[in-house]
Amino acid sequence: MTHQLKDGGQVLNVGMLARVEGEGGMHIEIKDRQVVDVKLNIFEPPRFYEGFLRGRKYTEPPDITARICGICPVAYQSASTEAMETICGITTTPEIQLMRRLLYCGEWIESHALHIFMLHAPDFLGYESVLEMAKDHPDVVNMALRLKKAGNDLMELVGGRAIHPVNVKVGGFYRMPTVSELEALRPALEQGVEDSFAAVQLVAGFDFPEMEQDYTYVSLRHPDWYPLERGTEVVASDGVRFPVAEIPQRIEEFHVQHSHALHARFDGGTYFVGPLARYSNNFDQLSPRCQEAALKAGLGETCRNPFKSIIVRTVELAYAFEEAVRIIDQWRDGHAPSVPTAPRAGEGVGASEAPRGTIWHRYRIDADGVIQDAQIVPPTSQNQASIEADLRLAAQQWVDLDDHMLTHRCEEAIRNYDPCISCATHFLDLRVKRTTSAEQP
Amino acid sequence: MTTTAEHGLAGQPGAAEQHAHPHAHDHDAGTPVVSARPKLAVWKFASCDGCQLSLLNCEDELLSIAEAVHIAYFPEATRAVVEGPYELSLVEGSITTPDDVRRIHEIRAQSGVLVTIGACATAGGIQALRNWADVDEYRSVVYAHPEYLRTLDTSTPIASHVDVDYELRGCPVDKKQLIEVLAAFLGGRKPRIPTYSVCVECKLKGNVCVPVATGRPCLGPVTQAGCGALCPSYGRGCYGCFGPQDSANTASLTKQLVELGMADDDVIRVYRTFNAGAPAFAAASDEVAERVAARSEAAAAAAARADGVVQERGPE
Ligand code: SF4
Ligand code: SF4
């Protein structure tokens, strides 16, 4: 709906941004066909996790921080356990690390499948939702549900539950799954490998708007594999690299008036975390089959068109299925589920690659293991400035579209990020305001 | 009471029948097929999206659900918005802002049956921990400009603000229970949701009792069933994510937790998690906290007396 303003400008008000988690708003102001202001407002009410974590025990963050986000609880569990283990000098076993990676594969599969097919694909295929899509594309939707279910089943087995897994603790797990339990999942996971490679081809055939930005891509990096549950260092596309422990010195959070979510700067500038960053910084670590599928899908070794993030996510989906099968192949029974833990006073950082990008936690605890200070930086918060930059570019590039079309395009530009506003943040109230210099704004 | 007669969920806990509001029929223009399906809306307040995600996680049932009900408003899943009134509203999340208070009344007014889903909506969620704290202090810990925030000092369940027809527990809700609530709504009957404790589920599963066998604390005896005794099946004690069962004997459990060697602080924290705001858990934690406070007051008074003795002897 377009409303005339007293000042002659126009405000387009389309309610809330759909198919994202959480709630937010977007304000775009256009004067003389020039975009003059763009703001992403995250209204999601603050839940004060960093406040009430103080005074809790060092063993509690895996259960508590999981509740920040129902879509990527494992990301919070992994980053918090890693931070606590770093602080307390706890070394887990390679098997515990492997099982964390397998659980994380489940989360990537579930979350990526949800975003690719249920939240994002309807944009490209011209539907309001996956449920409508199901009428015309039953095969695709059935495949999507199958893929997503495989991820959830994996999380249920390894984590005990698909949403807010109960099996994760500082030092490892409460219980290790057995070879025979894991083998039961094999057929669905192997089917998932094939389905997801087919899906890469499918999404590669979508029609992508041309838009590129010179982002600073930031992600984790691990010498042996594609970053997922952890990395050894942080790398940026401009060549900067540093250990995970230094993140709090390099990334600065700040508070802007129009959002309930904190923004962040990396080395003083805007940066981008998420699948595009991960992919572009770690293409060499993908499996040969994933690399080949990606190149065939028309991606380069780096990808700078945010609308193509759906292809990158699908490549990562295939990778996660392959990894899951690989881990199950080498799993043997009899490994201890956890190592003993004891608190030690100190401060430390843990980071992992949530489906939406790098997430990091910093805690300070005392000798009794009581949390003195907590800082949790989710991906959407770090990406807010990039999202605004994309919106600015998209709005300018498509300024001649009518308000309805322009709004839709801008919504898509936001959905490219699969923003998880709950982590940071109600209604996505999207407004485009147009004025000309003849009319005083 | 047309709603309950038509669409069920009558006589359930947390919901007197008069709570259901009369509503207009589905005027969704055109085909009778569509208008025969009740309209479903899914709403969100302060939450993690996990409970509404549980609905999307019903991969095997999702398409049948979409055939049985008209998903008219569900922003996480669809851009399409069909205007109310809605025969069934599922509400996730707790009330934490002044705007939330206004919005939940609007939602109540346009909903036939209103069901709250999850610990946030039924007990205030983990964010209800602020109810014991100084929110101004929280603001300044987390945000550089606390003045930018619009938030209340409390996080309260939906039923504290409007009449609720049915409350579904859990953090998150259990998928099977969620489907049972939808089926009950469609069948015009009461949902079959157990009100006994997690202990019963453990017995049904043949789990070894965690506190008895390992000495580890477990909230199972006071927690409502629904998860299938998940934690004990994974070798850990229940941490109460389904909230207190009806008439939970927390006094007895507190005693046992202390006997198992838990310090008072640990006992307070174990009750204050995702269902901290549920009356039974809030009262249990407050009781221990009062005991601790009384003890430290007594200690302070004793210290002051000792001090006083010294001071009396000092120079006047
Ligand atoms: S009850 Fe738990 S799972 Fe449900 S919305 Fe609240 S935090 Fe998320
Ligand atoms: S055992 Fe307790 S804490 Fe664990 S899932 Fe069930 S109700 Fe929640």
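Throughout, a chain's letter reflects where its sequence line sits, starting with A, and its residues are numbered from 1.
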[X], part contacting chain B, at a heavy-atom distance under 4.5 Å:
X	answer
A:Arg56	both
A:Asp63	both
A:Ile64	both
A:Gln375	neither
A:Lys169	neither

Given a strict heavy-atom distance threshold of 4.5 Å, which part of [X] is in contact with chain A: side chain, backbone, both, or neither?
X	result
B:Asp174	neither
B:Ala133	neither
B:Leu129	side chain

Of the listed residues (B:Arg269, B:Lys175, B:Arg272), which shares the most heavy-atom pairs with chain A below a 4.5 Å separation?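 Counting heavy-atom pairs under 4.5 Å, the top option is B:Arg269.
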Please confirm whether B:Lys39 makes a cation-pi placement over B:Tyr73, using NZ or CZ under 6.0 Å from the six-membered ring centre and within 45° of the ring normal.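 The answer is no; the distance or angle limit is not met.
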Closest non-hydrogen atom pair, A:Ala75 against A:Glu107: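 In this case the closest contact between A:Ala75 and A:Glu107 is N-OE2, 3.0 Å.
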Distance-only donor-acceptor pairs under 3.5 Å for side chains of residues 53-62 of chain B, two or more places apart:
residue : atom : partner  : partner atom : Å
B:Ser54 : OG   : B:Gly50  : O            : 3.0
B:Ser54 : OG   : B:Cys51  : O            : 3.4
B:Asn57 : OD1  : A:Lys148 : NZ           : 2.8
B:Asn57 : OD1  : A:Asn152 : ND2          : 3.2
B:Glu59 : OE2  : A:Lys148 : NZ           : 2.9
B:Glu59 : OE2  : A:Asn152 : ND2          : 2.6
B:Asp60 : OD2  : A:Lys149 : NZ           : 3.3

Are side-chain heavy atoms of B:Leu63 and A:Leu145 found at a separation under 4.5 Å? yes
Tell me, do A:Phe117 and A:Val141 make a side-chain contact under 4.5 Å, heavy atoms counted?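 Sidechains of A:Val141 and A:Phe117: no contact.
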Check: B:Tyr234 ring centroid to A:Phe173 ring centroid under 6.0 Å: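 No, the ring centres sit 6.0 Å or more apart.
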For atom NZ of B:Lys176, decide whether the heavy atoms of other residues, nucleotides or ligands shown that lie under 6.0 angstrom number more than 12.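 Atom NZ in B:Lys176 is not packed in, count stays at 12 or less.
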